[in-house]
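Here the structure comes first, spelled out in structure tokens, and everything after it is commentary.
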Amino acid sequence: MAAYIGTPTSRIDGHAKVTGAAKYAAEFNAPGLAHASLVTSTITKGRIAKIDASEAMRVAGVIDVITHKNRPTMASRDKAYKDDVAAEGSPYRPLYDDEIKFNGQPVAVVVAADADIARFAASLVRVEYIEDPFVTDLLEQRDTAHEVERPSRPRGDAEAAFAAAEVRHEADYFIPTEYHNPMELFATTVTWEGDGKLTVYDKTQGVQNVQRYLVSVFGMKPDDLKVVSPYVGGAFGSGLRPQFQVALAVIAARALERSVRLVLTRPQMYGLSYRPATIEHLALGAKALGPLEAVMHEAIAQTSEYEDFNRNDVAWADQLYKCGNTRYSHKLAKLDVSTPSDMRAPGAASGVYALECAMDELAVALKMDPLQLRFVTYSDREQNADRPYSSKKLRECYRQGAAAFGWEKRNPEPRSMRDGSELVGWGMATGVWEALQMPLTVRIVMTANGHAEVSSATSDIGTGTYTIMAQVAADMLGLPIDNVSIKLGDSTLSESPVEGGSWLAASVANSIATTAEAIRKTLLGVTKTMPDSPLADAKPKDVMLADGKIVSKKDASRAIPIADVMRAGKLDRIDQKAAAPVKDDGKYARNTHSAVFVEVRVDEQIGVIRVTRVVSAAAAGRILNTKTAHSQLLGGVVWGIGMALHEETLTDHRFGRIMNANLGEYHMPVNADIYDINCFFVDEPDATINPMGIKGVGEIGIVGVAAAIANAVYHATGKRVRDLPITIDKLRRD
Amino acid sequence: MINFQYARPNEVADAVRQIAADPRARFIAGGTNLLDLMKSDVEQPSRLIDISRLPLKSVEETPDGGLRIGALVPNTDLAYHPLVESRYPLLASAIMAGASQQLRNMASTGGNLMQRTRCYYFYDIATPCNKREPGSGCSAIEGLNRMHAILGTSESCIAVYPSDMSIALAALEATVRVMGPGGERTMAFADFHRLPGDTPERDNNLEPNEIITAIELPPQGFAKNHSYLKIRDRLSYAFALVSVAAALEMDGEAVKEARLALGGVAHKPWRVEAAEAALAGQPANEASFAKAADIVLSGAKGFEHNAFKIDLARRAIIRTLTQAANGTPQSQSSKKIR
């Protein structure tokens with residue numbers, strides 16, 4: 001058993017990707033394919049007064065210019081635009097009317113015979129606007145924010161406990177708006193199949209979500225539209241909701257009754273969703289030794305005028321620290337911007353950054369080692385509902401991470417460690433994320449020649465879903481991995497939720513196991529009809545599938561080749577569909593955890609920061625693929641470095657326009673910024689969380705990294721920078 | 001991006017004829033900046049005159065012991081040229097501090113001089129910009145100006161010239177050879193780029209009907225005591241917040257002759273000869289360097305987001321001069337500041 005699970009199996013789609021055989025949304029072709037290009041709003045709020053497309057229409061090769069005036073019919077009620085993971089409110093409707101809600105909003109779609117002509121013609125479309133006053137600056141709108149209801153109830157009397165605490169720390173932290181910036185541009189190719197039927201090749205994390213959305217918005221029959229997305233070049237949450245390019249491509253295809261492709265430009269990607277700018281207010285009270293006395297965490301995040309997007313920024317202390325007095329509050333300030341969205345570890349990346357910086361500042365105030373403070377306040381029970389964890393090996397993360405890093409050699413005094421012209425700083429922080437499982441149906445078709453096709457309408461956004469599905473299926477069906485083929489990213493496959501929140505691995509793997517179990521039962525049933533079956537007395541739990549046989553777990557000599565069983569049953573294929581039951585009775589808290597240790601070197605005279613060492617130790621249940629899971633952690637750490645030192649969306653609030661909407665000026669780490677990163681998982685068996693003990697690793701890697709870096713920068717320099725990113729000018733600020 | 005005509009002359013004189021005939025035509029060599037500008041609709045040339053086939057690709061020693069660099073020598077080739085590495089390592093280092101390997105492979109020597117500012121507003125045609133559209137106003141003066149100039153600014157423009165290579169060329173007192181309809185002329189490097197004044201739309205003094213044919217370096221290369229230090233928001237592939245090219249002739253512990261040029265602070269490579277003169281004959285120590293830095297930065301003026309550059313430039317000047325004096329030039333591959 002378990003020949004593939006837990007091994008560093010290389011991606012089964014790797015060859016297709018590096019040879020170009022893997023096709024992405026913008027690479028599908030159709031006869032007579034037309035190409036679309038967008039005209040986007042240059043104002044932030046108001047109305048379109050006039051669109052003059054005459055010059056664009058005169059360009060040879062231009063087929064049409066579609067605006068709100070001449071678009072095909074779309075649904076008129078908000079409900080029709082609500083996708084599976086829509087935020088509360090009234091969703092933005094692409095090209096619906098003359099109203100402008102955010103800068104960069106599409107106002108016209110130019111369709112031409114080729115992409116260059118479409119782009120050129122788009123530059124010739126003249127749009128006149130009637131502008132309204134607008135607001136885009138969270139810091140200015142802080143006081144207008146409204147409270148959103150959170151499930152985390154207050155405990156004790158946090159204010160009184162804070163006021164009475166021996167040692168207090170209170171501060172504001174700030175995370176600027178950040179973009180996902182996936183390598184692959186958002187793109188859709190719609191193929192016109194005749195009779196109004198459409199195949200929509202889209203970059204998305206949820207083909208069925210997009211399918212339902214489009215069918216509902218355009219009033220189509222479900223069977224007339226399918227969404228296909230076999231490969232995704234990174235999404236990080238930006239592909240959870242249907243983005244505007246898919247609706248616009250379908251608008252163009254329906255208007256022209258032909259196949260259309262629309263690929264966004266990189267600047268246009270900044271009109272999509274993002275991690276919202278957030279002010280995090282933290283107040284921590286403590287005494288010299290013991291649990292925290294008080295935790296108060298308030299987040300004030302930006303959202304759009306039309307939808308309230310919010311995630312859990314504030315209640316993460318409940319998963320980490322013992323404390324009897326807590327108060328959490330989450331507020332939203334409405335701005336004239338597009339709606340934010342989930343972005344890798346939504347809520348936690350921002351909220352835990354602030355919490356873990358505040359814990360570091362508290363440790364300084366307590367004159368205590370920050371790691372020791374984590375041990376002193378360590379909670380074995382989730383605090384909000386006072387319940388145990390399905391598993392929580394965070395102590396092991398701290399211990400093994402600290403040992404790998406050499407934390408015990410740290411001199412606690414800021415500015416005390418140096419190497420020549422550089423100040424050396426060591427900082428640490430904790431990471432935490434949810435371990436969810438969602439209902440997901442898997443279909444397995446096993447054929448008599450010993451091959452299995454495993455399918456579900458889920459998505460592989462580059463994380464390795466194809467590979468873990470194949471590993472799990474191979475082990476559960478007792479087949480070599482090369483005999484397993486995986487189908488996903490097609491809305492006609494069996495039911496799957498959007499791929500996000502780190503829930504996919506647990507959801508799909510357990511459902512593969514459930515479906516494989518059904519196949520095993522079917523096979524076992526057939527063996528009962530076979531003469532002299534060595535498994536005549538066996539019950540389903542007594543047998544497994546291994547090496548192409550159905551075999552007794554107790555006695556390996558009692559086995560029958562699966563091919564023989566299928567022949568005996570006159571079965572050329574076994575076709576089963578099943579979903580693992582998702583049981584969460586709320587008895588246990590379900591989380592992944594991590595400990596991050598960072599070394600920075602800061603040139604004392606100039607202020608240049610280098611992150612020279614990172615150790616990230618994570619506890620995330622059973623690891624299906626040690627290679628791809630390691631890559632997830634590694635990518636999270638790199639992104640955390642970007643969050644700490646580089647990433648920032650620069651909006652000119654006089655215009656409401658993002659001024660660095662490109663990969664040259666929106667900084668993220670380059671190779672030179674990355675030194676030694678050591679990521680590993682601590683062993684965390686979990687028999688409670690789900691049958692396979694899987695927790696998911698997509699988000700945990702980024703959580704806590706920016707805080708550990710900020711804490712290390714403080715330790716190096718004695719300078720606390722709370723507003724990200726930590727740039728050279730902020731280190732010099734008074 | 002617009003439709004354009006494309007031409008590929010083989011002779012310099014033909015290229016000059018073509019550019020003179022069409023004011024909306026543009027030369028293209030590596031295209032590392034022009035294509036960005038065209039994608040943003042900042043440049044909408046009627047015709048691209050591809051000069052990549054012109055015979056301007058050689059690096060040759062001049063009779064006076066200097067070096068003549070053809071305008072089409074790729075940045076990478078120049079940085080790794082044996083004569084540049086051995087005699088003008090400051091130039092090699094500055095080139096390696098810029099852009100990325102792929103861009104340096106494409107970018108030409110002449111094109112590097114012609115780089116336009118990276119001011120956000122210049123690239124966004126939805127915002128006012130005097131450099132792009134004279135008279136429309138400067139959005140940066142009261143806008144996002146963290147990357148902008150602290151020296152030589154005007155009320156109409158505070159944009160920064162982004163080249164690294166040119167900062168070294170300014171320090172080395174290169175000359176620029178240009179060809180126009182009337183023949184060839186030379187310009188001192190200091191005279192090539194302009195301050196914005198009230199004509200920020202003009203980056204330099206090249207006439208619209210002229211082409212750069214070569215850069216010439218004088219014999220003195222400061223190969224022993226030099227350094228190029230670039231300070232930026234990440235450790236590679238970002239434009240300078242401040243950069244410093246320093247070149248010294250030493251006389252024992254004292255400075256005999258000094259050259260100092262700054263990037264990332266002005267509309268042109270910033271060189272103050274008075275600061276260089278103040279270093280001559282002085283001991284190579286922090287006090288001398290600080291004095292020179294203060295002269296360079298006298299008159300520096302910060303805006304809302306970039307005032308930090310004044311102090312940063314002062315520190316960077318002192319550090320770079322120290323590196324140069326010690327004979328420990330900044331490495332462009334190790335990002336630790338020496």
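Numbers restart at 1 for each chain; the letters A, B, ... are given by sequence-line order, proteins then strands.
Considering CZ of R234(B) and CG of N671(A), their distance stands at 11.0 Å, rounded to 0.5 Å. The CE atom of M147(B) sits 10.0 Å away from the CG atom of L650(A) when rounded to the nearest 0.5 Å. Here the straight-line distance linking atom OG1 of T727(A) with atom CG of D233(B) works out to 6.0 Å at 0.5 Å rounding. Of the inter-residue distances, the one linking L241(B) atom CG with D729(A) atom CG reads 7.5 Å to the nearest 0.5 angstrom. Expressed to the nearest 0.5 Å, how far CD1 of I125(B) lies from OG of S123(A) amounts to 7.5 Å. Rounding to the nearest 0.5 Å places CG of D124(B) at 11.0 Å from CG of N660(A).
Between chain B and the options R654(A), E665(A), M668(A), the largest number of non-hydrogen pairs under 4.5 Å is found for R654(A). Counting heavy-atom pairs closer than 4.5 Å to chain B, the top-ranked of the candidates I606(A), N103(A), I43(A) is I606(A). The candidate with the highest count of non-hydrogen atom pairs below 4.5 Å against chain B, out of R733(A), H646(A), R657(A), is R657(A). Counting heavy-atom pairs closer than 4.5 Å to chain A, the top-ranked of the candidates V242(B), I318(B), T127(B) is T127(B).
In the displayed structure, E286(B) atom CD is contacted under 6.0 Å by at most 12 heavy atoms of other residues, nucleotides or ligands. With a 6.0 Å radius and a threshold of 12 heavy atoms from other residues, nucleotides or ligands, Q101(B) has its CD atom above the threshold.
Heavy atoms of I674(A) lying under 4.5 Å from chain B are absent altogether. For I117(A), no part sits under 4.5 Å from any heavy atom of chain B, backbone or side chain. Both the backbone and the side chain of I337(B) have a heavy atom closer than 4.5 Å to some heavy atom of chain A. When heavy atoms are compared at a cutoff of 4.5 Å, R232(B) does not approach chain A at all. The contact between Y120(B) and chain A is made by backbone and side chain atoms together, counting heavy-atom distances below 4.5 Å. Both the backbone and the side chain of S139(B) come within less than 4.5 Å of a heavy atom in chain A. In this structure, no portion of T612(A) lies under 4.5 Å from any heavy atom of chain B. For chain B, the nearby part of E422(A) is the side chain; its heavy atoms alone come within less than 4.5 Å. Looking at D311(B), the atoms closer than 4.5 Å to chain A (heavy atoms on both sides) all sit in the side chain, from C-beta outward.
Between D652(A) and Y121(B), the side chains place a donor N or O and an acceptor N or O closer than 3.5 Å (distance only, hydrogens not considered).
Checked against D603(A) for a side chain to side chain donor-acceptor pair (under 3.5 Å), the options K335(B), K336(B), R315(B), R319(B) give a single hit: R319(B).
Counting heavy atoms from C-beta outward, P128(B) and F655(A) have side chains that approach closer than 4.5 Å. Taking 4.5 Å as the limit, every side-chain heavy atom of Y123(B) sits out of range of all side-chain heavy atoms of N662(A).
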Could you go through the side-chain contact (heavy atoms from CB on, under 4.5 Å) check for L235(B) and V670(A) one step at a time?
-> CA-CA 8 Å; L235(B) 296 177; V670(A) 295; 5.7 Å; no
